[in-house]
2 protein chains.
Amino acid sequence: MANIKEIARMAGVSVTTVSRVLNNHPYVSEVKRTAVLNTIEKLNYTRNMNAVHLITGRTQAIAVIIPNINLFYFSVIIEGLAQEALLAQYRLILCQTDYRHEEELKVLEMLRNKEIDGVVIVSTRMSSEVIEEYTAYGPIVICQDRGERRFSSVYIEHYSAFRSGLQYLSDKGYQQIGYCEGRQHGSSSSIRQIAFSDFLAATGQPFHEEWMIHDCMNEEDGGRVLHELLKMKKRPNALIITGDHVAAGLIIEAWKNGIRIPEDLAVIGFDDQPIGRSLGLTTIDNQLPEMGATAFRIIYDKIQNNDGHPVHRKLEYRIIERSTV
Amino acid sequence: MANIKEIARMAGVSVTTVSRVLNNHPYVSEVKRTAVLNTIEKLNYTRNMNAVHLITGRTQAIAVIIPNINLFYFSVIIEGLAQEALLAQYRLILCQTDYRHEEELKVLEMLRNKEIDGVVIVSTRMSSEVIEEYTAYGPIVICQDRGERRFSSVYIEHYSAFRSGLQYLSDKGYQQIGYCEGRQHGSSSSIRQIAFSDFLAATGQPFHEEWMIHDCMNEEDGGRVLHELLKMKKRPNALIITGDHVAAGLIIEAWKNGIRIPEDLAVIGFDDQPIGRSLGLTTIDNQLPEMGATAFRIIYDKIQNNDGHPVHRKLEYRIIERSTV
DNA sequence: CTAATTTATGAAATGGATTCCATAGCAAGC
DNA sequence: GCTTGCTATGGAATCCATTTCATAAATTAG
């Protein structure tokens, strides 16, 4: 396959001139420019981008650390991110890590290796210390609400969002509130757990261990939750559920079992997913696509300006009132 | 930042020896190996992968052309693909193209540029001719059922799958069958449209233009479809719907409007999505994760064996009987 | 004890572009 | 007429690791 040297030889110019043409640099006469262009055409030449990456030290690619793509929460973030990346002509390297530490580390190593220009961490179990180590090698943005200021982040305040969901239920008169969450030990889960018990304490309600239900990831889990509720002696009259998919599964199962919503059981979800819209689910919108887009913009900015200072962007949540509360 | 030369100098060996250590090649004495390893540690050295990519001509990365990540159909394929890629230690470059021709082409150009070792095309509007041109530069696999044999593919026979769905409805006694599809001009849509009219012709049923409903992508579209049906003078008593999400939206809206399923309206979906499981939706499973995984395996195989011959893998669909038919 | 392997090591070529630096022609300014 | 500045052009260094080839020492085979 042809290279720049051969083009230069055939067009009767120096490699420098070919490079100038390739990169639209000034100071090339029209005659030589067309000569080069013709030769490129004739030899069906393209740049070997690996050589470009080597010499420039940039790859126009960023990696995304994500446990699993096929979860609405994540795929929406990615979608927003991908859109921005496309606009900026950046490549997106998708690293589905399933929270495995070695895999997550490997991605950060890519930054050190110069394979990528930056990293967006959508969700991880890595400690802040580990991540911080790698900030020396390039920009890193995390989409989690750690109290952390050592590296850049985009986040919604889970504590506050969750609390306002609880407050909303409370204002509507629901006093027995249960909580369904995703991964029990996720970083945002623990924040919400605190928000939950703080709220109970503040409003003088007792804490029922069994009203806090873990590992609800999809519609089927939501259905399972309903049956767990039905088995309880004392049942909550409202549920706050992280993830509209889960809420949807629960609502459907409720319909099947003659449980009226919201009369027998009020439900508020998170994330404003399409299925929730169909069901008239009241939910808290977390602006997920915006989250991905913002994460990319931060990274991009840092790459352009070679700026190492951490940046933090808080996104606003909002309650979308529909008919399940 | 340190490079291999510096390591060599400090460890008192040649660069060749350092490279040998780095790549676990034989014929390095234990003494020198540890000297090199220590120096690497001391200087906090890592390879510049761009140099590796340049000299080896491989990047251990493949690109995926996909219109949109945030569609269940696509994200499930990607998930299967990503899992296999992880196992093989391959990077996945996600290219959300939104069917834009320039973007799709750009990805194929990456293959020519040697930025990637192969391409998986999940869905595209590019012509087979354009794609074929690029097979010269590396392995390409397409996840569509074109009648095309010039480049590799993984596919389910949409014609046959769709027809067996219709047959299933027909066997259950439904004679007025309507059809909801996604993009009207998608490659699989046109195959299904033919299957649909072939089936009507074969069973001597008339073709109702209005029973063929286009552009159904999500739950809300499904809801909209129900209302369209309600407005019709003569209604179908069964629907075949490409995509369980759409079917779900329709079913939910049917419940709200007192339409009994399947008594008033039978529904069969496609893709076996979680929401369908909750609703008891009868559906045709298209083995999407397997599709992604297989696509990767084909590419991987071709990269390893430098094999340019097109390979074709047909995946089997199956009907999952639940309670909406 | 010699011939054939095997082990160990390094010099140099290779992959393919970008960019700094040097040089030269030519026009404008004073 | 002389300096300054702009346009054009190319040589050579640079980015960094892999791999081929050559050579030498140490074993093993016969």
Side-chain angles (χ1 to χ4, degrees), chain A residues 1-37 39-40 43-61 109-117 137-138 306, chain B residues 1-37 39-40 43-61 109-117 137-138 306:
Chain A
M1 183 67 23
N3 60 23
I4 201 176
K5 219 162 159 181
E6 201 169 333
I7 301 292
R9 204 165 39 75
M10 288 199 59
V13 300
S14 71
V15 291
T16 312
T17 301
V18 178
S19 176
R20 287 206 183 93
V21 173
L22 249 23
N23 295 287
N24 281 314
H25 285 181
Y27 305 145
V28 180
S29 66
E30 214 39 58
V31 176
K32 301 216 166 180
R33 161 165 277 118
T34 53
V36 169
L37 255 21
T39 314
I40 285 175
L43 296 194
N44 186 29
Y45 164 83
T46 14
R47 272 186 282 209
N48 182 322
M49 289 310 284
N50 295 133
V52 177
H53 295 162
L54 173 59
I55 193 115
T56 60
R58 290 273 175 82
T59 59
Q60 303 272 99
E109 280 293 327
M110 287 171 67
L111 192 60
R112 208 169 145 226
N113 286 337
K114 304 206 183 285
E115 278 187 271
I116 49 176
D117 296 346
Y137 306 113
N306 219 330
Chain B
M1 182 67 24
N3 60 25
I4 202 178
K5 216 163 161 180
E6 202 168 334
I7 301 292
R9 202 167 40 76
M10 288 200 59
V13 300
S14 70
V15 290
T16 313
T17 301
V18 177
S19 177
R20 288 208 183 89
V21 172
L22 248 23
N23 295 287
N24 282 315
H25 286 179
Y27 304 147
V28 179
S29 66
E30 214 39 57
V31 176
K32 302 217 164 179
R33 158 164 277 118
T34 53
V36 168
L37 255 22
T39 314
I40 285 175
L43 295 194
N44 186 30
Y45 165 83
T46 14
R47 272 188 280 209
N48 182 323
M49 290 310 282
N50 295 134
V52 177
H53 295 161
L54 174 59
I55 192 112
T56 59
R58 291 272 176 84
T59 58
Q60 304 271 101
E109 280 293 327
M110 287 171 68
L111 192 60
R112 207 169 145 225
N113 285 338
K114 303 202 181 288
E115 278 188 272
I116 49 177
D117 296 347
Y137 306 112
N306 219 329

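We use all heavy atoms of the structure for the numbers below, so side chains are in, but hydrogens, waters and symmetry mates are not.
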Inset, instruction - When you get a sec, tell me which of D/dA17, D/dA8, D/dG10 is the closest nucleotide to the side chain of B/Ala51? - result: D/dA17
Legend entry - Spacing between B/Leu54 atom CG and D/dT14 atom C1', to the nearest angstrom: 13 Å
Legend entry - All ring pair (Phe, Tyr, Trp, His ring centres under 6.0 Å) counterparts of B/Tyr137, not counting sequence neighbours: B/Tyr134
Legend entry - Closest-nucleotide 5' rank along DNA chain C - winner of B/Ser29 and B/Ile55: B/Ser29
Inset, instruction - Using side-chain contact (heavy atoms from CB on, under 4.5 Å) as the criterion, list what pairs up with A/Asn3, not counting sequence neighbours. - result: A/Lys5, A/Glu6
Inset, instruction - Using the test salt bridge (Lys or Arg N to Asp or Glu O under 4.0 Å), find all partners of B/Arg112 that sit at least two apart in sequence or belong to another chain. - result: B/Glu109
Inset, instruction - Answer whether the closest heavy-atom distance between the side chains of A/Thr16 and A/His25 falls below 4.5 Å. - result: no
Inset, instruction - Shoot me the first and last contacting nucleotide of DNA chain C against chain B, ordered 5' to 3', at under 4.0 angstrom to non-hydrogen atoms. - result: C/dT7 to C/dG16
Legend entry - Any residue of residues 17-26 of chain B with a heavy atom less than 4.0 Å from an atom of DNA chain C: B/Thr17, B/Arg20
Legend entry - B/Lys5 NZ to D/dT18 P, straight-line distance once rounded to whole Å: 15 Å
Inset, instruction - Verify the neighbour count for atom CG of B/Asn306: are there more than 12 heavy atoms of other residues, nucleotides or ligands below 6.0 Å? - result: no
Please tabulate, one pair per line, all N/O donor-acceptor pairs under 3.5 Å involving side-chain atoms of residues 26-37 of chain B, not counting sequence neighbours.
from, atom 1, to, atom 2, distance (Å)
B/Ser29, OG, B/Lys32, N, 3.4
B/Thr34, OG1, B/Glu30, O, 3.2
B/Thr34, OG1, B/Val31, O, 2.9

